[in-house]
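Have a look at the structure below, then the notes.
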Amino acid sequence: MSETAPQKRLYIKTYGCQMNVYDSERMADVLAPLGYGMTDEPAEADLVVLNTCHIREKATEKVYSELGQLKRLKQDRPGGMTIAVAGCVAQAEGEEIMRRQPAVDLVVGPQAYHQLPELIARAHRARGERLAADFAPEEKFDALSTERRPSGVSAFLTVQEGCDKFCTFCVVPYTRGGEWSRPVEAIEAEARALAAKGVREVTLLGQNVNAYAGEGGLAGLVRRLARIEGLDRIRYTTSHPRDMDEALIAAHGEVEALMPYLHLPVQAGSDKILKAMNRAHTAESYLRLIERIRAARPDIAISGDFIVGFPGERDSDFEATLQLIREVGYASAFSFKYSRRPGTPAAAMPGQVAEAVKDERLQRLQALIDEQQQAFNAAQAGRTLPVLFEKTGRHAGQLVGKSPYLQAVHVTAPDRMLGQIVPVKIDSAARNSLAGVLELETA
Ligand code: SAH
Ligand code: SF4
Ligand code: F3S
């Protein structure tokens, strides 16, 4: 059946984090045997899946406005359209979604999407359960094949899901469930299958990926995957400072395939705020941790996440965040205004910060990060870096690849170099990317 031409069309829209990107690919895998092929046009789709994110209020609101538009498309389609809502909003407010938008046919949480074929069949018979929101990731992964259809040379691979940390601002422990790690063998099988299809780089995913609790921990897993023929680059995200153990730090100094880039969110630089966030680290312990990581891998690019305007954050607390940023020197970072999420402890805390104050702090923080990012990029000029070419560029004859530090690099190079790792002499740096020439041409 999977070899026959698709008779039905599937449109998936993905919001949120990289794990949702992975999940969307896996949903397409689950639906392919039913005859669903992908389309980029929602108006042409027989089945639309919105894979949603609940992390901030804006992310959640987008889903409802998108559903409003889909409802109109559905009315215009005589052949019918099935609308499914997946992901973290589905988990958090599945029943509300079906109440607020009757055009939705089914709702499926992040741990239950392997049941999509069954849910679709039930929705078409217009009876039975239309809401699946289990918390059993092992069932999901058992049901998914380790065979995938990667779309490029770099792929995501989920190794850990869920979170037990309960940062007081965050919905993830409620939408993804508790921490759970896939067995090493299953991950290795999936990685081998990817490598056999030409994948050169995997990014191991987890909400707390460095809390990976399979045999050997994350360091052991990285060392094991590094032995796979053809898999030359390994990355992982996102990590919690508290789970950054010695073995993983050592791996950064020893495993060639482990790329010198680490996303290690700190959120804030004031110990009072960190405590109220339940982060279980201080500014000082984070800085010492960065020192130890840099001792193992001096050139490592550090990235992070920041929240401004957490309840009770005063000017002096915010200044402490800026000070921490100055001390670390980030290669890049994501920063957000605190968003009050229903059901989380911080939502009920006193001292909620005015929107205008959050805006102003976010601007100042982002200006500082921009400066650091530009400096980090500029420091690569004149160096020769191995670049993994991932796709063709906007200009003819141009390829775009990634440096070891996750910077985009634009190079004039022949298409046959796609999927190869090639030395590139960097000659200029912009805010978000680098440009260079093939080293062999400069020789
Ligand atoms: N450990 C997770 C973090 C997920 S959320 C991971 O694996 O990615 C990503 C980032 O969103 C967090 O690091 C935090 O900076 C931000 N965030 C989470 N909840 C938020 C909220 N209520 N308001 C604003 N930003 C938030
Ligand atoms: Fe959310 Fe904190 Fe867990 Fe990250 S560690 S997912 S920020 S609760
Ligand atoms: Fe969003 Fe869920 Fe990821 S809330 S950030 S899609 S884990």
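Remember, it's 1-based here, ligands and their atoms both numbered in the order they're listed.
Under a 3.5 Å cut-off, the side chain of Arg235 and the backbone N or O of Pro404 do form a donor-acceptor pair. When atom types are taken as modelled, the side chain of Gln160 and the backbone of Gln207 share a donor-acceptor pair closer than 3.5 angstrom. Panel note: side chain Lys275, backbone Thr282; no donor-acceptor pair is recorded below 3.5 Å. Judged by distance alone, with hydrogens and angles left aside, the side-chain atoms of Lys8 form a donor-acceptor pair with the main-chain N or O of Leu34 at under 3.5 Å. No side-chain donor-acceptor contact under 3.5 Å links Arg279 to the backbone of Gln267. Here the side chain of Ser285 pairs no donor or acceptor atom with the backbone of His281 at under 3.5 angstrom.
Listed by number with element, the atoms of ligand 2 under 4.0 angstrom from any heavy atom of Pro173 are 8 (S). Per-residue contacts place Lys337 under 4.0 angstrom from the following atoms of ligand 1 (heavy atoms of the residue considered): 23 (N), 24 (C). Short contacts between ligand 3 and Cys53, defined as distances under 4.0 Å to a heavy atom of the residue, involve ligand atoms 1 (Fe), 4 (S), 5 (S), 6 (S). Per-residue contacts place Gln207 under 4.0 angstrom from the following atoms of ligand 3 (heavy atoms of the residue considered): 7 (S). Taking a cut-off of under 4.0 Å to the non-hydrogen atoms of Cys170, the atoms of ligand 2 that pass are 1 (Fe), 6 (S), 7 (S), 8 (S). For ligand 1, the atoms lying closer than 4.0 Å to a non-hydrogen atom of Arg341 are 22 (N). Each of the following atoms of ligand 3 lies closer than 4.0 Å to a heavy atom of Asn20: 6 (S). Listed by atom number, the atoms of ligand 2 under 4.0 Å from His240 heavy atoms are 5 (S). For ligand 1, the atoms closer than 4.0 angstrom to any heavy atom of Gly206 are 7 (O). Within ligand 3, counting atoms from 1 as listed, the ones closer than 4.0 Å to a heavy atom of Cys88 are 2 (Fe), 4 (S), 6 (S), 7 (S). Residue Tyr338 has at least one heavy-atom neighbour below 4.0 Å for each of these atoms of ligand 1: 23 (N), 24 (C). Taking every heavy atom of Phe169 and a limit of under 4.0 angstrom, the matching atoms of ligand 2 come to 7 (S). Numbered from 1 in the order shown, with element, the atoms of ligand 1 that lie under 4.0 Å from a heavy atom of Gln267 read 12 (C), 13 (O), 14 (C), 15 (O).
Protein heavy atom at the shortest distance from atom 5 (S) of ligand 1 is Ile55 CD1, 3.4 Å. In terms of protein heavy atoms, atom 4 (S) of ligand 3 is closest to His54 N, 3.3 Å. For atom 19 (N) of ligand 1, the closest non-hydrogen atom on the protein side is Phe169 CD1, 3.3 Å. Among protein heavy atoms, the minimum distance from atom 25 (N) of ligand 1 is reached at Arg56 NH1, 3.2 Å. Counting protein heavy atoms only, atom 2 (Fe) of ligand 2 is closest to Cys167 SG, 2.3 Å. Considering only non-hydrogen protein atoms, atom 3 (Fe) of ligand 3 sits nearest to Cys17 SG, 2.3 Å.
In summary, Glu313 and Arg361 engage in a salt bridge, as defined by a charged side-chain N under 4.0 Å from a carboxylate O. In summary, Lys58 and Glu61 do not engage in a salt bridge, as defined by a charged side-chain N under 4.0 Å from a carboxylate O. Ion pairing between a basic and an acidic side chain is recognised when a charged N comes within 4.0 Å of a carboxylate O; Asp232 and Arg227 show no such pairing. Taking 4.0 Å as the cut-off between side-chain N and carboxylate O, Arg292 and Glu246 count as a salt-bridged pair. Arg182 has no carboxylate O lying under 4.0 Å from a charged side-chain N of Glu161, or vice versa, which leaves the two without a salt bridge.
Between Ser339 and ligand 1, at least one N/O pair is under 3.5 Å apart. Distances between N or O atoms of Gln207 and those of ligand 1 include at least one value under 3.5 Å. Of the N or O atoms in Ile307, none lie within a sub-3.5 Å distance of an N or O in ligand 1.
Between Val202 and Leu204 there is a side-chain heavy-atom pair separated by less than 4.5 Å. Counting heavy atoms from C-beta on, the side chains of Glu57 and Arg340 never come closer than 4.5 Å.
In this comparison of Thr344, Asp305, Thr238, the heavy atom closest to atom 10 (C) of ligand 1 sits on Asp305.
Under 4.0 angstrom from ligand 2, the non-hydrogen atoms of Cys163 all belong to its side chain. Contact annotation for Asn208 and ligand 2: only side-chain heavy atoms (C-beta onward) come within less than 4.0 Å of the ligand. Contact annotation for Pro265 and ligand 2: no heavy atom of the residue comes within less than 4.0 Å of the ligand.
Of the protein's heavy atoms, none falls inside 4.0 Å of atom 4 (Fe) of ligand 2. Under the 4.0 Å distance rule, the nearest protein heavy atom to atom 2 (C) of ligand 1 falls inside the cut-off.
Using a 30° and 60° split on the angle between ring planes, Tyr286 and Tyr330 fall in the parallel class, below 30°.
Geometric assessment of Arg26 against the ring of Tyr113 yields a negative cation-pi assignment under the 6.0 Å and 45° thresholds. Geometric assessment of Arg56 against the ring of Phe336 yields a positive cation-pi assignment under the 6.0 Å and 45° thresholds.
Results of the ring pair (Phe, Tyr, Trp, His ring centres under 6.0 Å) test with His263 over Tyr405, Phe334, Tyr236 single out Phe334 as the only residue that passes.
Taking 4.0 Å as the cut-off, Arg176 counts as a neighbour of ligand 3 on heavy-atom distance.
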